[in-house]
Amino acid sequence: MSSNIDISVVIGFRNWGQRRLELAVKSILQSFGPLKGEVIVSDYGSDDGQVTETAMISAGARYIYTKTDGSWSRSRALNAGFAHARGKILVSTDADMVFSPKSFQIIGQTLLDDPSLCLLLQCRDLPQDWSDLEVAEAGFRWQTFEAVSRLRPRWGMGGMMAVHRDVYTRIRGLDERMHTYGGEDIDFATRAKRAGQRLLWVEDPDVRMYHMWHQPTRAQVEVTKEAREAIEFNKGIVYNDPTFVRNTKEWTYPLQGAAPLVSVAIATHNRAEYLSESITSVLGQTMQDFEIVIVDDGSTDNTKTVVESFNDSRIRYFYQEQAGVSAARNRAADESRGVYTAVHDDDDLMTPWRLQSQLDVITAGMHGSFGAFVNFDEGTGALKLYRAKVFTPGTINETGGAPGHGTWLIETSILKKLRYDESLSSGVDNNLALRMIRSGFSFAHCGEIVMMRRLHTGQITVTDEHTQKLAARQTRQLFSFGTTTADAKKMMEERGAKDWPATRNEENLEMLLPYLPDHLVNRRFAAPQLMKSDMTDDFIRVEQDGEYLGSLMPSQTLSAADLAKLTSQGELVDIVASLRDGSEANEPGNYGGTVQKFLESRASQIIATRGSSESVVVVRLNQAAKDPDLESFALVASLQLTEKNATSDYSFYLSQDGGAWLHLLTVPDTDVHSVYFAGDMASAVRTASARTLEGKNK
């Protein structure tokens, strides 16, 4: 993002006094010196009248208001402000802090000179006779503040953090899972350190942060059971989550102009018939913070048309005269904007969890990750697992081999620096892997099957197998050159069972069948699913109290593209799949049957998860006539739910144009014992539990 702003300071708050905020803003604006700075006041859901936008603009700040459901999260409040920040340096602080006159001039210039730092500032607490009221009346008495204030312990990071914009982008801001109170600052700073930043507490007499006295709020916050649980939840993240990239599934308040987290790099040449399926598998990732960089190495088929048919702005297409696969991969690296690059071949398929699972294992000292893969036969769908060994000097020294190239997720900067060797026609991945290990980079095994490799007659391993094997031997010789006998012996002694990390589902390859190409498998929902987004007009739209909840989708046959739309919502759905025999046709949706099966499934889930209870819930589904108040809608079914002596009515509507609305059945903290269906909806009573309740609500 291009901007002439040097530093952005964000104050996150909710229902704090306007006077206190005005003092904080004023002190910060007076501390920028020659730097160009801005102050952003991020109001995360204050009640009406607490703070006015006019007052904040008059004070010299930018005012950002975020509507909430009433819950408080300092992480989200700050991220909501940073989403609008324009500065090269980003700073977070609180609404009850004032800063001495040169503070942000020094903080900002320090980070502009050395972006590898993460700056922290120790807070100084003012005594009770220096609240915001006294500060407003007396003005900023910096010498007095210095004399009467008391240093606060550094635990909790003290109320100010400053990093370069690139660092904030790389680790995806403050963790938005955190809410209510506690842990946000120390978590962010710890993650910045894991990402390679040097933490530095500013020790400069011209840089001071003073906390204006007010009644302690933590004791008030912690009085409720929910708040105490939230604090423990936040602590659990700080102590137990070793990753540094967060908000990967959903970054609610992304930084304006932030580059994608991952670039999926695809080099292709005359593979249009496979490329469409390969791209679809990427679009179906449970983690959607990516771009797809496709380098067309001189194709003469309809590759460009296939790419353009997706009409997705995240897909970036580059054509070059044929120069070879290494040159195409280097071009992809040069064009990539992501922090990480996921290597992906034009004829292979990603499993939906690939990107998320590989990001989840990148911790301090790791520069990327890899995983296992399966080969699948293009004609039969037969699967064969290839488990990946750990990626260390010892494993390379043995064979010269590296983990499957199509499973790599590595820092893009590494590819830009080391590059693929364009003098080689084969084995370029092994060659690069060797040089990465020699350069001291480390990679983690994610414990997942992340790639499905297509076997067909046009593969390099088929057309150039001899050259590939020769290249692998040469790679090993190159790696071993200069390795002493003692070093080789030590590496061999360190080898063993730990070379083979456990891989999830390695004994259950059938679970991969839904993600094979359409010509190989039939797939359908195991039961009707309530999904977050619309799919086609054949699905029933769900609303509750006017709020869209999702689409109720029947247990019908799905294409790979349909499945990718579902998994891209961040959830893996329950799919039944089998190898295709060519006889099964697409099954149209059955609205009545869908509603019936959905209710049966929901009742069974409630029984399984909640067990028995004293509450008796009976659901009755009856055929109903056209609703006179909704002339344009046909009433699919009416539903009556009885819990003890309380009865609720629900209706399922199907519009004439194929859309539909319904009130979603919810049974909080109760046990559904029986589900009854009558009329045209079903010919017999169906029981959702093995238990029977004679004489109750029948």
Side-chain angles (χ1 to χ4, degrees), residues 1-3 79-80 82-86 165-166 168-170 172-173 245 247-268 271-272 274-297 299 301-320 328-329 331-346 348-350 352-356 358-359 409 412 415-416 531-536 548 551 559-571:
M1 178 181 178
S2 178
S3 171
N79 283 356
F82 283 127
H84 300 270
R86 298 169 294 182
R165 186 183 191 91
D166 291 344
Y168 180 94
T169 302
R170 182 184 180 194
R172 271 8 197 192
V245 181
N247 305 320
T248 50
K249 279 196 174 182
E250 183 179 13
W251 194 10
T252 307
Y253 307 106
L255 190 62
Q256 200 173 65
L261 182 59
V262 177
S263 294
V264 178
I266 303 176
T268 188
R271 289 266 183 84
Y274 298 136
L275 183 60
S276 178
E277 293 173 340
S278 182
I279 294 173
T280 296
S281 74
V282 180
L283 296 177
Q285 291 296 293
T286 58
M287 195 287 295
Q288 288 284 298
D289 190 357
F290 60 77
E291 67 174 358
I292 304 176
V293 178
I294 298 174
V295 177
D296 184 346
D297 188 42
S299 293
D301 60 5
N302 62 328
T303 291
K304 184 177 181 181
T305 302
V306 167
V307 174
E308 291 175 344
S309 69
F310 284 92
N311 193 29
D312 191 316
S313 61
R314 295 173 299 175
I315 301 176
R316 303 168 61 219
Y317 172 83
F318 302 92
Y319 179 86
Q320 65 181 29
R329 286 172 176 159
R331 173 74 182 278
D334 292 337
E335 300 290 352
S336 292
R337 300 174 298 188
V339 177
Y340 297 96
T341 289
V343 177
H344 187 54
D345 287 339
D346 56 4
D348 295 337
L349 307 174
M350 286 187 180
W353 51 84
R354 175 186 171 177
L355 297 183
Q356 185 66 59
Q358 292 195 250
L359 287 168
L409 179 84
T412 302
L415 293 177
K416 291 179 183 289
M531 305 307 298
K532 296 177 183 176
S533 66
D534 290 315
M535 297 292 290
T536 74
Y548 173 66
S551 297
S559 68
D562 286 336
L563 184 56
K565 290 179 183 178
L566 299 176
T567 53
S568 66
Q569 297 174 32
E571 302 294 336

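Note that the structure is a prediction, hence the values are computed from the model and not measured. For the numbers below, each heavy atom of this structure counts, side chains included, while hydrogens, waters and symmetry mates do not.
Expressed to the nearest 0.5 Å, how far CD of Glu250 lies from CD of Gln569 amounts to 11.5 Å. Atoms CG and OG1, from Asp562 and Thr567 in turn, are 10.5 Å apart once rounded to the nearest 0.5 Å. Rounding to the nearest 0.5 angstrom, the gap separating the CD atom in Glu335 from the CD1 atom in Ile294 is 13.0 Å. Taken from CG in Asp334 to CZ in Phe318, the straight-line distance is 10.0 Å, to the nearest 0.5 Å. Taking CG of Asp297 as the reference point, atom OG1 of Thr303 lies at 10.5 Å (rounded to 0.5 Å). Taken from CD1 in Ile279 to CZ in Phe310, the straight-line distance is 4.5 Å, to the nearest 0.5 Å.
When all heavy atoms are compared, the tightest approach of Arg354 to Gln358 is NE-OE1, 2.7 Å. Considering all non-hydrogen atoms of both residues, Lys565 and Ser568 come closest at O-OG, 2.7 Å. Of all heavy-atom pairs between Trp353 and Gln285, the closest is C-OE1, 4.1 Å. Scanning all heavy atoms of the two residues, the minimum distance from Met350 to Ala342 falls at CE-CB, 4.4 Å. When all heavy atoms are compared, the tightest approach of Tyr253 to Ala83 is O-CB, 4.0 Å. In terms of heavy-atom proximity, Ala272 sits nearest to Asp301 at N-OD2, 3.2 Å.
Side-chain contact between Tyr319 and Lys304 is absent, with no heavy atoms from C-beta onward closer than 4.5 Å. Within the 4.5 Å cutoff, no side-chain heavy atoms of Tyr274 are placed close to those of Asp346. Between Met287 and Val262 there is a side-chain heavy-atom pair separated by less than 4.5 Å. A 4.5 Å side-chain heavy-atom check between Arg170 and Tyr340 finds at least one atom pair inside the cut-off. Within the 4.5 Å cutoff, the side chain of Tyr317 has no heavy atoms near those of the Ile266 side chain. Between Arg271 and Ser278, the closest side-chain pair of non-hydrogen atoms is not below 4.5 Å.
Not counting sequence neighbours, Ser309 has no partner by the side-chain hydrogen bond (donor to acceptor under 3.5 Å, both in side chains) test. Here Glu291 pairs with Arg316, Arg337 under the salt bridge (charged side-chain N to carboxylate O under 4.0 Å, His left out) rule; sequence neighbours left out. Residues passing the salt bridge (charged side-chain N to carboxylate O under 4.0 Å, His left out) test with Asp312 are Arg314, sequence neighbours excluded. Partners of Asp289 according to the side-chain hydrogen bond (donor to acceptor under 3.5 Å, both in side chains) rule, which considers only residues two or more places apart in sequence or in another chain, are Arg172. Not counting sequence neighbours, the partners of Thr412 by the side chain to side chain contact (heavy atoms under 4.5 Å, CB included) test are Ser336, Thr341, Lys416. When the side-chain hydrogen bond (donor to acceptor under 3.5 Å, both in side chains) test is applied to Tyr168, the partners found at least two apart in sequence or on another chain are Asn79.
The pair Asp345-Arg329 counts as a salt bridge, with a side-chain nitrogen and a carboxylate oxygen less than 4.0 angstrom apart.
Dense packing is recorded around NZ of Lys249, with more than 12 heavy atoms of other residues, nucleotides or ligands lying under 6.0 Å away.
Counting only distance, with no hydrogens or angles, the side chain of Gln256 and the backbone of Phe82 share no donor-acceptor pair below 3.5 Å.
The side-chain contact (heavy atoms from CB on, under 4.5 Å) with Leu261 is formed by just one residue from the set Val245, Thr169, Leu355; it is Val245.
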